[in-house]
Amino acid sequence: MMEKAAISGVLDEIAVLLELTGENPFKIRAYSAGARILETLTEDLDELIKTGKLADVPGMGEALVDKITTLRRDSVLPFHQKLKASIPPGLLEVIQIPGLGPKKVRALWTQLQVEDIARLKSVCESGEVAALKGFGEKTQNNILAGIKNRIAYAQRHRWADAAEIAEPILEGLKKLPQVKMAESAGSLRRARETVGDLDFLVGSTEPEPIMQWFVNYPGVKEITAQGETKSSVRFENGLQADLRVVPPEQFYFALHHFTGSKEHNVAMRQRALSRGLSMSEWGFKSVDEKTVAPGAKSEEEVFKALGLEWIPPELREGAGEIEESEAKRLPRLVQMQDIKGVFHNHTTASDGDHTLEQMAAAAEKMGWSYLGISDHSKSSFQARGLDEGRLAQQIEEINKLNQSGRFHVRVLSGSEVDILREGALDFSDDVLGKLDFVVGSVHNLFTLDKEAQTKRIIKAIENEHVDMIGHLTGRLLNRREPYEVDVAKIIDAAAANDTILELNANPWRLDLDWRWWRRAAEKGVLCAINPDAHDTEQLGFAAHGVRIARKGWLTKEQVLNTRTLPEVLKWLGRK
DNA sequence: GCCGTTTTCGGCCCGACTGTTTTCAGTCG
């Protein structure tokens, strides 16, 4: 049985392969769109297939339903196999080079027998590429640069890293005298977990000096494009940034357009057309040219013109947000100011950098009313995990601190207890029973097969002392893949046992992934946004967690840490 | 390949920029 993510990967690959065969671009788009739809589907895939409801999902026609059904059942698809066999596998890498699309790759393939990167490099170096019709000296050099930097260029950047680069640029833009308004857009604004490139948008009637400022920004390694309204630069680390300057009247159309996603934009434009309006980053145009097309002085007005409520950028993934907006059913997303405290944090007792007191003081400074401390348990000896004795001592310390009245913030005693091989926990029920809360986490045996890993975690979920499961899939963005685990089953088990799933807010983790939360919430699973802070500053990770929770359509009600201390204590004492 | 108060065929979102061209194709988002 093939995973949803893997099936969507096959559909994406089919789309690229079809590009290389020169297929109808709209057919290609149907496959890409199918992959995106599948990725964000909240319903159970097997259920959809069984009941035939998959065909009711917009964008899923007979052919896609057939292929997805086959892939789910057999894990292979003859159509895909055949297609793959007809194209040199190396071309899938070649087409990733910036500036090379299907047409150019086909030309290289048919005329210069380019079947992989190595051959491409050699025909560039020999000058044969420049001699091809439609190619030239510059294209050849760009390809060579693309080959040289292809790993850096392909890399997506963790949101927090991208934001760190984007912030001072945006501030700088806002300070320029010619700039009326400026925002960052793209996947950064949509709060994706990783960001491919930065998009800056400026409203101004004088683009020229703004462009100059931008392409001369410190750290810019090369200028990849520079026109009247758009410039692109690349930084040392491979991150690309685009700047677009538009007249202030068009700013909100452009902001909407470059916030995307592609699927969201396509749907918006189709909606506009059905209302007699052609929509672009420059605004609306009346199709019949008889009526006057509306302008917009805010993003709200862009949506309003199409009969929609404003859709938060986090939701603009083309996953049904437009339908919900039309029906006025958009969720009221959780906000940072709703957060009243956090769970799952570490101190110097295990692998944290700051003491209990320092952490409490920092939590108080955040304006929170409670702070959960959950140091590691004894099996995590690499993290100086606490044994029963040291844990008892820590509980005592926490009690004393709470009684001392030194802080308004209430410290909750907890443990991030290791889930052992068969799902048993690192502490006995007696020990766990003395704590205010318990986070159960997997820290070893990442290579267990899916069934065993799932069973192991569900066993922990069923333990009455376990309040929440930490970083469910163990992924580290750009560094370590999630381990094999049946998330759908875990969600059902968490719902059945009234166990919380953590949204680990560490920017490397952001685990559980945003794509699962809508479904988890629908099933009644409660979320806890946990910074997993190992020092005082990392308590601020909570903001990353809130961002991902919003992306996962979560409301205040679906997140435990929006509740008051008495409500939280009541919930933790529920069983 | 998908879709349908332009409906079962014939459309399908829209525009900027580059490089290679003499007016535009290809790529990108």
Side-chain angles (χ1 to χ4, degrees), chain A residues 11 14-15 18-19 21-37 54-68 79 83 94-108 129-143 146 153 185-188 190 195-201 207 211 223-233 240-246 250 253-254 256-285 287-288 306 318:
Chain A
L11 296 182
I14 289 172
L18 288 176
E19 278 195 309
T21 63
E23 210 11 299
N24 170 4
F26 296 104
K27 187 193 255 194
I28 295 162
R29 198 173 77 188
Y31 278 99
S32 303
R36 297 290 79 71
I37 293 162
L54 188 55
D56 297 343
V57 177
M60 290 285 175
E62 202 180 334
L64 277 173
V65 169
D66 253 16
K67 291 185 169 85
I68 292 168
F79 171 75
L83 194 58
V94 170
I95 202 171
Q96 300 301 331
I97 307 259
L100 290 186
K103 299 272 169 55
K104 284 209 158 71
V105 171
R106 274 182 71 78
L108 291 163
V129 170
L132 282 187
K133 188 172 187 292
F135 292 72
E137 204 68 41
K138 282 192 178 169
T139 305
Q140 184 170 273
N141 288 336
N142 286 343
I143 294 173
Y153 289 179
S187 48
L188 188 77
R190 292 206 315 283
V195 171
D197 57 20
L198 303 179
D199 292 283
F200 296 101
L201 215 64
M211 290 294 181
I223 302 166
T224 50
Q226 191 176 1
E228 274 173 54
T229 64
K230 182 197 156 179
S231 293
S232 294
V233 299
Q240 181 172 307
D242 298 342
L243 170 68
R244 288 166 179 94
V245 181
V246 301
Q250 265 112 44
F253 288 102
H256 172 265
H257 175 84
F258 290 108
T259 298
S261 68
K262 202 166 145 193
E263 289 75 18
H264 171 88
N265 286 352
V266 168
M268 285 286 281
R269 286 175 172 194
Q270 279 165 349
R271 185 177 175 89
L273 277 180
S274 74
R275 299 173 162 238
L277 294 170
S278 163
M279 184 184 186
S280 80
E281 62 262 49
W282 299 106
F284 291 121
K285 270 189 288 191
V287 172
D288 61 14
L306 299 180

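Fair warning: this is a prediction, and the values are worked out from it, not measured in the lab. Values below: every heavy atom of this structure, side chains too, minus hydrogens, waters and symmetry copies. Numbers restart at 1 for each chain; the letters A, B, ... are given by sequence-line order, proteins then strands.
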Looking at the side chain of [X], which of [options] is the nearest nucleotide?
X      : options                : answer
A:T229 : B:dC13, B:dA16, B:dG19 : B:dA16
A:N24  : B:dT20, B:dG1, B:dC14  : B:dG1
A:K285 : B:dG15, B:dG1, B:dC13  : B:dG15
A:T139 : B:dT20, B:dG15, B:dG1  : B:dT20
A:A30  : B:dT20, B:dG29, B:dC2  : B:dC2
A:H257 : B:dC2, B:dG29, B:dT20  : B:dG29
A:A63  : B:dC2, B:dC13, B:dC12  : B:dC2
A:R244 : B:dG29, B:dG19, B:dC2  : B:dG29

Check your understanding: Within the distance-only criterion (no hydrogens, no angle test), does the side chain of A:S232 pair as donor or acceptor with the backbone N or O of A:T224 below 3.5 angstrom?
Key -> no
Measure [atom1]/[X] against [atom2]/[N] and give the value in whole Å, please.
X      : N      : atom1 : atom2 : answer
A:L132 : B:dT21 : CG    : C1'   : 15 Å
A:M211 : B:dA16 : CE    : C1'   : 10 Å
A:I14  : B:dG1  : CD1   : P     : 10 Å
A:N265 : B:dA16 : CG    : P     : 15 Å
A:D242 : B:dG15 : CG    : P     : 19 Å
A:L273 : B:dC12 : CG    : P     : 9 Å
A:R271 : B:dC12 : CZ    : C1'   : 19 Å
A:D66  : B:dG1  : CG    : P     : 10 Å

Using a cut-off of 4.0 Å on non-hydrogen atoms, how would the nucleic acid contact of [X] be classed: base, sugar-phosphate, or nothing?
X      : value
A:E23  : nothing
A:M268 : nothing
A:S278 : sugar-phosphate
A:F135 : sugar-phosphate
A:P58  : sugar-phosphate

For a 4.5 angstrom cut-off between non-hydrogen side-chain atoms, does [X] reach [Y]?
X      : Y      : value
A:K104 : A:F135 : yes
A:T229 : A:P207 : no
A:I97  : A:V105 : no
A:V233 : A:L243 : no
A:L100 : A:L108 : yes

Say you pick atom [atom1] in [N] and the same atom in [M]; how far apart are they, in whole Å?
N      : M      : atom1 : result
B:dT6  : B:dG1  : P     : 26 Å
B:dC17 : B:dC12 : C1'   : 24 Å
B:dT8  : B:dC2  : C1'   : 12 Å

Check your understanding: Less than 4.0 Å between a side-chain N and a carboxylate O, is that true for A:E281 and A:R269?
Key -> yes
Check your understanding: Quick one: is B:dG1 close enough that its OP1 or OP2 comes under 4.0 Å of any side-chain N or O from A:K67?
Key -> yes
Check your understanding: Between B:dC12 and A:R269, is there an OP1 or OP2 to side-chain N/O distance shorter than 4.0 Å?
Key -> no
Practice item. Give the ring-plane orientation class for A:F284 versus A:F253, where under 30° counts as parallel, over 60° as perpendicular and anything between as tilted. Key: perpendicular
Revision key, fill the gap. Under a 3.5 Å limit on both distances, the Watson-Crick or wobble mate of B:dG1 is B:dC12
Where do N or O atoms of nucleotides 26-28 of chain B meet protein N or O atoms at under 3.5 Å, pair by pair?
unit_1: B:dT27; atom_1: OP1; unit_2: A:G101; atom_2: N; d: 2.7
unit_1: B:dT27; atom_1: OP1; unit_2: A:G101; atom_2: O; d: 3.0
unit_1: B:dT27; atom_1: OP1; unit_2: A:K104; atom_2: N; d: 2.8
unit_1: B:dT27; atom_1: OP2; unit_2: A:K103; atom_2: N; d: 3.2
unit_1: B:dT27; atom_1: O5'; unit_2: A:G101; atom_2: N; d: 3.4
unit_1: B:dC28; atom_1: OP1; unit_2: A:G99; atom_2: N; d: 2.5

Review point. Taking the nucleotide of DNA chain B with the closest heavy atom to each, which residue, A:K27 or A:K133, is nearer the 5' end?
Key: A:K27
Exercise for review: List for me each residue that meets ring pair (Phe, Tyr, Trp, His ring centres under 6.0 Å) alongside A:H256, sequence neighbours excluded, and say none if there are none.
Suggested key: A:H264, A:F303
